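Residue numbers start from 1 in every chain, and the chains themselves are labelled A, B, ... in the order their sequence lines are given, proteins ahead of strands. We use all heavy atoms of the structure for the numbers below, so side chains are in, but hydrogens, waters and symmetry mates are not. As the structure is a prediction and not an experimental result, all values here were calculated from the model.
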2 protein chains.
Amino acid sequence: MDPTSAHTAPEAASYRLLIVEDDADIRQLLDLLLRRTGEYAEVRSVEDAETALAGGSTDAAATPGSTDAPAPDPAPDLVLLDIGLPGMSGLEALPKFRAAWPDAQLIMLTIRQDDQAIFDALCAGADGYLLKDTPPERLLQALRDVRDGGSVMSPAVARRVTQSFKPAAQSPLSARETEILALLCDGLQYAAIGERLFLSGHTVRVHIRNIYRKLHVHSRAEAVRKALGDRLI
Amino acid sequence: MDPTSAHTAPEAASYRLLIVEDDADIRQLLDLLLRRTGEYAEVRSVEDAETALAGGSTDAAATPGSTDAPAPDPAPDLVLLDIGLPGMSGLEALPKFRAAWPDAQLIMLTIRQDDQAIFDALCAGADGYLLKDTPPERLLQALRDVRDGGSVMSPAVARRVTQSFKPAAQSPLSARETEILALLCDGLQYAAIGERLFLSGHTVRVHIRNIYRKLHVHSRAEAVRKALGDRLI
DNA sequence: CGAACAATACCCCATATGGCGTATTTCACT
DNA sequence: AGTGAAATACGCCATATGGGGTATTGTTCG
């Protein structure tokens with residue numbers, strides 16, 4: 001029943017963490033928190049993406065057990081990545097991390113919760129998105145969820161994401177126009193749409209003309225883009 | 001620090017739950033679990049969507065405090081909705097619930113974790129998606145997150161969702177073709193694309209022809225649909 | 001070294017598209 | 001009773017589109 005122990009397998013194989021966070025205080029706090037759990041074979045924390053990709057370790061001194069041998073740093077299994085980094089931003093770093101460690105779980109850990117950052121990160125291939133105000137217990141739980149093959153999003157982030165799937169609140173289009181727009185998105189041409197709906201091609205054309213006017217577009221390509229982007233269909 | 005008390009405001013205003021679940025055992029278990037917290041002004045549980053929308057209560061007998069007056073059932077603030085319901089499915093019920101209670105949070109609580117169910121539900125306007133194997137403590141935490149304005153997804157569900165944002169693993173298109181496809185999605189025509197890329201319209205046309213062949217489409221509309229749907233751009 | 005592909009550029013041509021009209025009917029709202 | 005929007009249908013016409021070719025130049029890979 002204890003939520004902190006649920007799903008916590010008896011120390012799965014070696015599992016390596018990498019923290020990329022420029023703020024020294026937060027970085028060391030995270031480093032300490034995650035080390036203390038004893039759940040991870042390695043916790044490495046660096047201050048920027050360049051260092052992470054180069055293999056260096058900012059807080060190496062905080063790891064008494066490690067030798068000074070420049071171990072060829074095995075791939076991390078999970079990366080906690082800040083967005084607001086000096087130099088290469090977390091968003092720019094995402095694809096590079098993905099290329100460097102294809103099997104690593106890349107989790108954003110940032111203060112930003114605007115749509116821009118969230119969807120940029122997800123579209124760049126982030127496997128999760130946590131906010132920095134996540135309480136320690138929940139952060140640990142989230143990382144366990146990721147280790148178990150799941151993904152995680154802070155509730156505020158999940159809200160943005162679920163909202164993004166919702167159909168447009170109010171479409172400027174009539175029911176008939178929406179119906180025709182859907183067929184247009186399927187690539188059907190005037191006559192074909194007409195056959196489906198038992199209309200003349202002329203009528204379909206008028207409808208599409210009205211759709212273009214209402215959506216402020218001038219071509220099928222733009223109409224399809226807007227229809228899919230704004231979830232009009 | 002206790003994760004079960006974090007974010008739990010001192011009994012916010014009245015907050016009503018509605019559970020729609022056909023399995024009597026599960027329904028009563030949920031009902032009991034949620035009532036016991038004392039966090040909710042009302043916990044109503046019904047066995048199908050029709051009953052929920054009609055205002056009836058299957059487990060009314062389990063609510064000793066309630067009178068037999070047919071109260072005009074105030075709108076619930078949060079609905080836990082199963083998908084595999086007898087009669088109207090949870091997916092069909094979603095829009096009706098949304099229409100009946102525009103401000104309610106509609107959270108799926110189901111055993112299904114296939115892409116079909118998940119994305120159907122989200123596209124139909126679900127505010128969250130939890131799996132039935134969610135441990136009780138985590139279910140309660142999730143509902144608190146929802147009450148606080150967030151959304152929730154079980155890790156396995158969140159995984160599917162985050163994956164859906166990732167760019168296509170391997171596109172059949174060359175870099176140049178991808179570039180041209182992007183401009184095509186913007187609604188530009190041959191000549192305009194050519195101007196942007198310092199190409200002749202003829203060349204653009206050949207590229208687009210090749211794109212069509214590789215994507216198995218025959219029109220701009222289909223190409224745009226596929227490009228956006230498969231995240232080729 | 002040859003095959004295959006990517007990228008560039010041009011040709012012909014039937015058809016689809018989109019901008020501009022007009023017109024009728026129905027239905028809702030004022 | 002009138003105004004407007006939606007849905008139906010038709011016209012003209014310049015241009016864009018897509019299916020079919022050919023050709024040259026590189027690069028890459030076996």
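The stretch residues 194-206 of chain A comes close to DNA chain D through A/Leu199, A/Ser200, A/His202, A/Thr203, A/Arg205, A/Val206, each having a heavy atom under 4.0 Å from the strand.
Separating the CD atom of B/Gln189 from the C1' atom of D/dT15 is a distance of 8 Å, rounded to the nearest angstrom. Here D/dA9 presents its P atom at 14 Å from CD1 of A/Ile208, a figure rounded to the nearest Å. When the C1' atom of C/dA4 is taken as reference, atom CZ of B/Arg213 falls 12 Å away, rounded to whole Å. Going from atom CG of B/Asn210 over to atom P of D/dG20 covers 13 Å, rounded to whole Å. Computed from coordinates, the B/Ile180 CD1 to D/dG18 P distance equals 14 Å when rounded to whole Å. Nucleotide D/dT17 holds its P atom 13 Å from the CD1 atom of B/Ile211, rounded to whole Å.
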Please tabulate, for side-chain N and O atoms in residues 226-233 of chain B, each donor-acceptor pair with protein atoms closer than 3.5 Å (sequence neighbours left out).
{"unit_1": "B/Arg231", "atom_1": "NE", "unit_2": "B/Ser164", "atom_2": "O", "d": "2.7"}

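OP1 or OP2 of C/dC5 has not a single side-chain nitrogen or oxygen of B/Lys214 nearer than 4.0 Å.
Within a 6.0 Å radius of CZ in B/Arg196, other residues, nucleotides and ligands contribute 12 heavy atoms or fewer.
By the 30° and 60° cut-offs, the orientation of the rings of A/Phe165 relative to B/Phe165 is perpendicular.
Note on A/His207: a base of the nucleic acid sits closer than 4.0 angstrom, heavy atoms only. Nucleic acid contact for A/Tyr190: base, since at least one base atom lies under 4.0 Å from a heavy atom of the residue. Backbone-only contact: B/Arg220 has heavy atoms under 4.0 Å from sugar-phosphate atoms and none from a base.
The pair A/Arg16-A/Glu42 meets the salt-bridge criterion, with a side-chain N (NZ, NE, NH1 or NH2) lying under 4.0 Å from an Asp/Glu carboxylate O.
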